[in-house]
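So you know, we letter chains A, B, ... as the sequences are listed, proteins then strands, and number each from 1. As a basis for the values below, the full set of heavy atoms in this structure was taken, side chains included, without hydrogen atoms, waters or symmetry mates.
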2 protein chains.
Amino acid sequence: MLKEERHQFILNEVRVHNRVLLTDIADLLHVSVDTIRRDIKELHQSEKLKKVHGGAVSLGFNNYNPTGKKIYSQEKKAQIAEKGLSLIKEGQVVLLSGGTTNLELARRIPSKIKLTCFTPSLPIAVQLLTKSNVEVIFIGGRMSKDSQIAVGGSAINMLSEIKVDICFLGTNSIHPTEGLTEFDWEIVQMKKAMIHSSRKIVSPSISEKIGSLQRYKICAVEEIDFLITELEPWDAKLDAFRNMNIQLL
Amino acid sequence: MLKEERHQFILNEVRVHNRVLLTDIADLLHVSVDTIRRDIKELHQSEKLKKVHGGAVSLGFNNYNPTGKKIYSQEKKAQIAEKGLSLIKEGQVVLLSGGTTNLELARRIPSKIKLTCFTPSLPIAVQLLTKSNVEVIFIGGRMSKDSQIAVGGSAINMLSEIKVDICFLGTNSIHPTEGLTEFDWEIVQMKKAMIHSSRKIVSPSISEKIGSLQRYKICAVEEIDFLITELEPWDAKLDAFRNMNIQLL
DNA sequence: GCATGTTATGCAATATTATGCTGTTTTATT
DNA sequence: AATAAAACAGCATAATATTGCATAACATGC
């Protein structure tokens with residue numbers, strides 16, 4: 001394996017996990033820890049990551065997580081976030097709903113890209129404000145305590161006045177025939193409004209949510225344009241969503 | 001687990017709970033208290049938190065401080081916040097502008113008191129959401145990066161639709177004849193709108209700001225109802241504000 | 001093809017760091 | 001003042017880092 005390949009591998013691990021252990025990588029790549037140590041030293045010197053005792057962490061290593069709750073299957077969400085990033089283009093206007101997957105996405109937005117981001121989610125707004133070239137517009141309103149997003153008439157009203165390029169719609173449940181569903185009525189209203197406010201809809205969703213069903217319907221599957229999971233696009237679990245004019249990522 | 005990760009974890013706990021106990025963290029992370037003690041010692045030395053007997057507490061509140069700016073006169077602001085609390089009554093509707101003093105106030109609001117709080121400030125909203133009996137309504141809009149509050153037409157428009165009992169107006173400069181002033185035009189607009197939206201105006205202000213002057217005027221001193229400083233109300237430095245129909249606290 | 005220089009890698013010896021443990025001192029609280 | 005909890009200092013151990021060196025792989029010019 002080439003040194004360059006190792007470097008890319010390490011950087012990728014760091015991006016996805018926020019941290020790596022020397023021993024893990026050495027193990028995975030079947031090289032000595034010394035080699036990995038040297039790799040990380042170089043990457044540290046070129047400021048691609050931060051070397052720490054025992055491994056390395058990503059540069060903007062901060063796990064700001066206001067609720068302090070553990071993020072469930074963070075790794076998968078991190079992968080999804082990485083894929084989602086590829087849909088975002090310089091200068092676009094983006095709408096981000098709440099949810100931990102979108103939080104991962106927000107965290108990964110490069111500081112140098114110029115964007116305008118709308119969001120009703122408090123943690124996401126906090127995250128986005130650290131990006132110097134991202135203009136953040138908060139969709140205000142009554143804050144829901146557990147989801148930490150704004151809900152209610154005022155927020156929906158504000159949404160009705162915008163039309164963005166792309167919306168990342170945090171997805172709780174997605175079902176091939178029943179569509180996207182939620183258990184919280186107020187959040188359903190918000191998400192419906194977000195769909196109306198956006199030209200393209202992206203549904204980032206970990207695969208275990210596929211096929212699940214909740215009480216209230218947000219929209220049909222056909223209304224979304226991209227479905228991102230941690231799986232490969234050709235995975236059999238996604239078969240139900242083919243031939244539906246949805247792009248799988 | 002890497003030391004770096006522990007550090008981030010501790011900082012996060014401090015952010016969320018304002019204080020942490022050594023034993024709790026050691027328990028949570030399955031390491032010895034000594035290790036955590038050493039961690040906290042380091043974080044204390046790098047001024048990320050404040051070490052206290054038995055654990056650690058956050059520096060200012062918004063220790064999540066992307067710009068890394070120091071929070072000035074922490075102690076005085078805490079005193080002011082305590083005084084301000086006495087003005088808040090069960091069931092009221094309160095409007096909080098941004099600023100570190102108001103942040104201290106928000107953090108001190110007892111969880112058991114029932115309130116409705118409006119605010120355009122991100123850190124304050126984050127803090128308020130931890131209070132189970134406080135209904136939080138965020139004044140949305142374009143977010144100003146350094147002050148972390150919403151500004152612009154949308155926010156001002158939202159303010160124009162409310163009338164609250166009492167407004168705590170974070171004050172940058174207050175002058176007996178020139179009134180309240182600010183250096184940021186957009187924030188001036190927000191504060192003006194906040195004044196119109198409130199029956200009573202409270203100006204929490206550390207004494208060193210008294211007599212200072214900035215570029216743009218928010219309002220005359222007469223328009224505020226309460227002036228809170230860290231000084232005793234009969235302090236000579238406040239003489240200029242007597243006989244002005246302002247209550248000094 | 002061959003000599004030479006460069007780079008990458010692994011290895012071993014040594015140094016440094018991180019962590020937990022013990023015993024003692026300090027601090028907060030009753 | 002008595003007490004319990006916490007802080008501290010010092011030490012032992014294990015993990016990680018550093019350094020120097022030997023070898024192997026590779027490129028380059030002849």
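The list of salt bridge (charged side-chain N to carboxylate O under 4.0 Å, His left out) pairs with a residue in residues 81-102 of chain B, not counting sequence neighbours, reads B:Glu82-B:Arg108.
Listed by chain and number, the residues in a salt bridge (Lys or Arg N to Asp or Glu O under 4.0 Å) with B:Lys50 amount to none (sequence neighbours excluded). With sequence neighbours left out, the side-chain hydrogen bond (donor to acceptor under 3.5 Å, both in side chains) criterion links A:Gln8 to A:Glu4. With sequence neighbours left out, B:Glu42 forms a side-chain hydrogen bond (donor to acceptor under 3.5 Å, both in side chains) with B:Lys3.
Distances shown here put every side-chain N or O of A:Lys41 at or beyond 4.0 Å from the OP1 or OP2 atom of D:dT16.
Taking NZ of B:Lys191 as the reference point, atom CD of B:Glu182 lies at 3.5 Å (rounded to 0.5 Å). The CD1 atom of B:Ile206 sits 12.5 Å away from atom CD1 of B:Ile174, with the distance rounded to the nearest 0.5 Å.
In this structure, the CG atom of B:Leu2 is 16 Å from the P atom of C:dT17, given to the nearest Å. If you take CG of B:Leu22 and P of C:dT19, they are 15 Å apart, rounded to a whole angstrom. The distance from atom CD1 of B:Ile40 to atom P of D:dC8 is 11 Å, rounded to the nearest whole Å. Spacing between atom CG of B:Asp39 and atom P of D:dA7 amounts to 13 Å, rounded to whole angstrom units. As a whole-Å value, the separation of A:Gln45 CD from D:dT18 P is 10 Å. Here D:dA15 presents its P atom at 18 Å from NZ of B:Lys3, a figure rounded to the nearest Å. Straight-line distance from the CZ atom of A:Arg38 to the P atom of C:dC11: 11 Å, rounded to whole Å. A straight line from CE of B:Met1 to P of D:dA14 spans 23 Å, rounded to a whole angstrom.
Within residues 24-32 of chain B, the residues that have a heavy atom under 4.0 Å from DNA chain C are, in order of number, B:Val31, B:Ser32.
Checking D:dA6, D:dC8, C:dT9 against every side-chain atom of B:Asp34, the shortest atom distance belongs to D:dC8. Looking at the side chain of B:Arg37, the nearest of the listed nucleotides D:dA6, C:dT9, D:dT19 is D:dA6.
Under a 3.5 Å cut-off, the side chain of A:Asn102 and the backbone N or O of A:Phe168 do form a donor-acceptor pair. Between the side chain of B:Thr171 and the backbone N or O of B:Ser173 there is no donor-acceptor pair closer than 3.5 Å.
No side-chain donor-acceptor contact under 3.5 Å links B:Arg107 and B:Thr130.
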Using nucleotides 23-28 of chain C, report all nitrogen or oxygen pairs with the protein that are shorter than 3.5 Å.
none

